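Side-chain atoms are counted along with the backbone in the values below, which use heavy atoms only and exclude waters and symmetry mates. Everything quoted here is computed from the prediction, not taken from an experiment.
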Amino acid sequence: MSTFFGASSDPTTAHDLEDEAEAYLLRLVASYLREAEPEARCRFAASVEALLQADSQ
């Protein structure tokens, strides 16, 4: 979540993303999360964590 709500207002500059598609996707998700209900943000974060855990196994 810090990728979207970190110190930088633009998540793409914080991580020096080189891929335009990835940068666009991060901006799109950040925009959604700013407008989403707190419950939706929690579900999103839980889903991302589950995907990361499944990928690491």
Side-chain angles (χ1 to χ4, degrees):
M1 296 305 284
S2 64
T3 298
F4 305 110
F5 299 107
S8 174
S9 63
D10 182 2
T12 59
T13 59
H15 298 285
D16 294 325
L17 298 175
E18 295 177 10
D19 183 15
E20 288 289 323
E22 185 177 356
Y24 177 79
L25 178 61
L26 287 176
R27 287 191 302 269
L28 183 65
V29 171
S31 176
Y32 165 74
L33 290 175
R34 276 191 297 277
E35 302 296 323
E37 298 289 327
E39 298 83 17
R41 280 182 271 195
C42 288
R43 286 191 309 269
F44 176 82
S47 297
V48 170
E49 287 178 17
L51 286 171
L52 290 172
Q53 288 176 1
D55 193 39
S56 67
Q57 293 178 359

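With sequence neighbours excluded, the residues that form a side-chain contact (heavy atoms from CB on, under 4.5 Å) with E39 are E37, R43.
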L51 and D55: side-chain contact (heavy atoms from CB on, under 4.5 Å), yes or no, with the steps? CA-CA 6 Å; L51 286 171; D55 193 39; over 6 Å; no

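Rounded to the nearest 0.5 angstrom, L26 CG and S31 OG are separated by 12.5 Å.
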